2 protein chains.
Amino acid sequence: MLQTNNVHHLKEVTSPALFGAEPDSLKALFRKQPVECLAAGQSLFFEGDAAKHLFEVVEGSLRIFKIISDGRRVITGFLHAGDIVGVSLKSHYLYSAEAIVDTRIRRFSRKTFEAEVARCPDLRPEVFSRLCDEMAAAQDQMVLLSRKNAEERLCTFLLRQVQRGPGLRGNIAIVELPMTRLDIADYLGLTIETVSRTMTKLTQRGIICSIGRHAVRVMKHGVLAQLSGDDEYYGDERSQISYAAGNHH
Amino acid sequence: MLQTNNVHHLKEVTSPALFGAEPDSLKALFRKQPVECLAAGQSLFFEGDAAKHLFEVVEGSLRIFKIISDGRRVITGFLHAGDIVGVSLKSHYLYSAEAIVDTRIRRFSRKTFEAEVARCPDLRPEVFSRLCDEMAAAQDQMVLLSRKNAEERLCTFLLRQVQRGPGLRGNIAIVELPMTRLDIADYLGLTIETVSRTMTKLTQRGIICSIGRHAVRVMKHGVLAQLSGDDEYYGDERSQISYAAGNHH
DNA sequence: CGTTCTCTTGACAGCAGTCAAGACCCGTGG
DNA sequence: CCACGGGTCTTGACTGCTGTCAAGAGAACG
């Protein structure tokens with residue numbers, strides 16, 4: 001948790017001022033707002049509520065999800081420190097948002113936000129850019145849900161977490177997984193049992209190595225990438241994949 | 001995509017006090033552009049191409065899709081007359097676009113488009129609104145792909161086509177399906193065989209009735225809605241669903 | 001230390017995928 | 001007009017991945 005927070009700071013500082021304007025002008029809006037705290041499991045808002053606010057995640061993680069008819073839940077995304085909730089808002093929230101762990105947020109009135117964006121042209125590219133990023137992520141998720149098998153889904157998921165994280169040292173990275181297995185399952189369109197079984201298999205093959213329940217050490221980043229199904233091409237490079245149990249811990 | 005969403009969006013965008021713009025100002029931009037023709041099967045652009053243009057579909061239909069590693073195709077959406085392609089663009093196209101049938105389009109330079117939007121504040125709410133509609137549709141699609149079974153997927157798909165269409169007369173509507181079964185399968189995350197079998201079942205139960213390959217008559221709109229899995233609640237109303245073959249032809 | 005929740009593992013079932021064959025549609029050319 | 005050929009669609013038999021159900025192990029918390 002603290003690590004991701006530090007990284008977020010790093011990103012902010014090192015992000016080059018390519019655009020002339022200060023890079024995180026959007027977040028600057030939030031900076032003066034008071035910080036609020038959400039306990040793990042607490043709801044921030046519900047799908048269908050009037051969308052009165054936007055939120056910045058200061059620390060912690062949120063899940064955003066929809067519930068359909070008979071109680072099935074679909075998690076459409078996770079949000080972490082530095083993310084902004086609700087840029088793509090209509091008049092009502094499209095999804096519910098809950099804290100996964102104890103989380104700190106800042107709040108911004110939607111009305112004021114829109115006025116600020118209208119007033120300050122420098123903000124618009126960033127709003128637009130965040131929307132497009134969200135759209136690109138949604139499309140990648142559609143690909144995952146539409147055509148990937150359980151192993152590919154989980155590998156893709158783990159890779160995404162690696163990319164968010166503190167970067168890999170050598171070939172090895174540690175990724176935090178603050179969410180539960182059920183959260184992961186509902187995000188990947190699987191059951192909790194399939195997530196669990198697939199993680200066990202990846203562990204047995206020495207590709208990952210569990211560190212408690214909420215962290216994983218990625219031992220073979222390249223193999224993970226191959227198994228994710230996102231590679232553009234592969235010939236016989238698949239041979240790199242080891243089906244034998246590797247040396248873990 | 002959902003009617004409820006459209007209602008919100010209408011309220012928001014057409015509210016004259018807030019924006020005072022003509023509703024379709026965006027399309028007005030395209031109106032002066034020359035019309036180009038695409039033959040069925042022809043590509044408009046490819047995923048990864050530099051995104052130099054936006055397009056308005058004047059007549060016909062497009063499929064937009066991504067291809068992953070071993071050739072698997074995921075159709076992320078269909079576009080029809082009146083839709084605009086590429087509002088959510090980054091510097092490169094996120095997906096490929098192909099004509100499903102002979103299609104007529106208008107083209108607009110991305111650079112000019114952005115200049116126009118910067119110059120004319122009235123356009124911005126509409127751009128934003130279209131982006132949000134796209135996002136809402138993407139999330140509905142994630143729900144479909146994540147948690148719905150074959151029958152629910154197909155019923156949801158058919159319902160969406162009905163909502164796009166000329167409206168239902170009485171309880172019955174005719175929906176055009178210009179795309180092939182393979183297109184539908186790649187859109188719904190199924191195989192062509194499963195799509196075919198599921199349509200056969202719906203036909204046998206008298207819920208729909210095929211009119212050639214590219215059109216369907218919806219006989220029981222309410223049942224279709226129940227089977228789509230989007231209903232908020234149901235008690236014993238399921239009893240309305242008939243498992244006996246209905247009277248068709 | 002016991003309760004509760006989460007996670008793992010196993011046995012089994014079922015939905016959808018795969019493979020295969022044949023029907024149907026439609027444009028082309030005889 | 002009909003025959004032909006290629007593509008699309010339907011249908012059947014079978015397989016297999018993932019879901020379901022169930023039990024037990026492991027963590028977290030009071």
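Reminder, nothing fancy here: chain letters follow the sequence lines and each chain counts from 1. The analysis underlying the following values was restricted to heavy atoms, covering all of them including side chains, and did not include hydrogens, waters or symmetry mates. These numbers come from a predicted model, not from an experiment.
Remark on DNA chain C: of its neighbouring residues A/Arg147 and A/Met199, the 5'-side contact belongs to A/Met199, judged by nearest-heavy-atom nucleotide. Heavy-atom distances to DNA chain D give each of A/Gly189 and A/His214 a nearest nucleotide, and the one nearer the 5′ end belongs to A/Gly189.
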- Message: Before you tell me yes or no, could you show the steps for A/Arg153 and A/Gln141 under side-chain hydrogen bond (donor to acceptor under 3.5 Å, both in side chains), namely the whole-Å CA-CA distance, both residues' side-chain angles and the distance that decides it to 0.1 Å?
- Response: CA-CA 9 Å; A/Arg153 291 181 197 202; A/Gln141 190 68 355; over 6 Å; no

- For the pair A/Lys148 and A/Thr156, evaluate side-chain hydrogen bond (donor to acceptor under 3.5 Å, both in side chains) and give the outcome as yes or no after the intermediate values. CA-CA 9 Å; A/Lys148 290 186 178 178; A/Thr156 303; 3.0 Å; yes

- Task: Show the numbers, then the answer: is there a side-chain hydrogen bond (donor to acceptor under 3.5 Å, both in side chains) between A/Thr203 and A/Thr200?
- Result: CA-CA 5 Å; A/Thr203 301; A/Thr200 300; over 6 Å; no

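The interatomic distance linking A/Lys201 (NZ) with C/dT8 (C1') rounds to 13 Å, in whole Å. Atom-to-atom, CG of B/Leu145 to P of C/dA16 comes out at 13 Å; the value is rounded to the nearest Å. The CD atom of A/Glu193 sits 12 Å away from the P atom of D/dA22 (whole-angstrom rounding). Rounded to a whole Å, the CG atom of B/Asp186 is 13 Å from the P atom of D/dT8. The separation between B/Asp70 atom CG and C/dT18 atom P is 11 Å, rounded to whole Å. For the pair B/Leu177 CG and C/dC25 C1', the computed distance is 16 Å after rounding to whole Å. Atom CD1 of B/Ile192 is separated from atom P of C/dG22 by 18 Å (rounded to the nearest Å). Counting to the nearest Å, the C1' atom of C/dA16 and the CG atom of A/Asn149 are 14 Å from each other.
Within the structure, a side-chain polar atom (N or O) of B/Arg181 is placed less than 4.0 Å from OP1 or OP2 of D/dT10. In this model, the phosphate group of C/dG17 is approached by a side-chain N or O of B/Thr194 to a distance below 4.0 Å at OP1 or OP2. Between B/Thr200 and the phosphate of D/dT10, there is no side-chain N or O to OP1/OP2 separation shorter than 4.0 Å.
Using a 4.0 Å heavy-atom distance criterion, A/Thr180 is classed as a sugar-phosphate-only contact.
You'll find the ring centres of A/Tyr187 and A/Phe157 inside the 6.0 Å limit.
We find the CE-OG distance between A/Met199 and A/Ser210 to be 5.0 Å, quoted to the nearest 0.5 Å.
Nearest to the side chain of A/Ser196, among C/dT18, C/dA11, C/dC7, sits C/dC7. Of the listed nucleotides (D/dT11, D/dA27, C/dC24), C/dC24 has the atom at the smallest distance from the side chain of B/Arg213.
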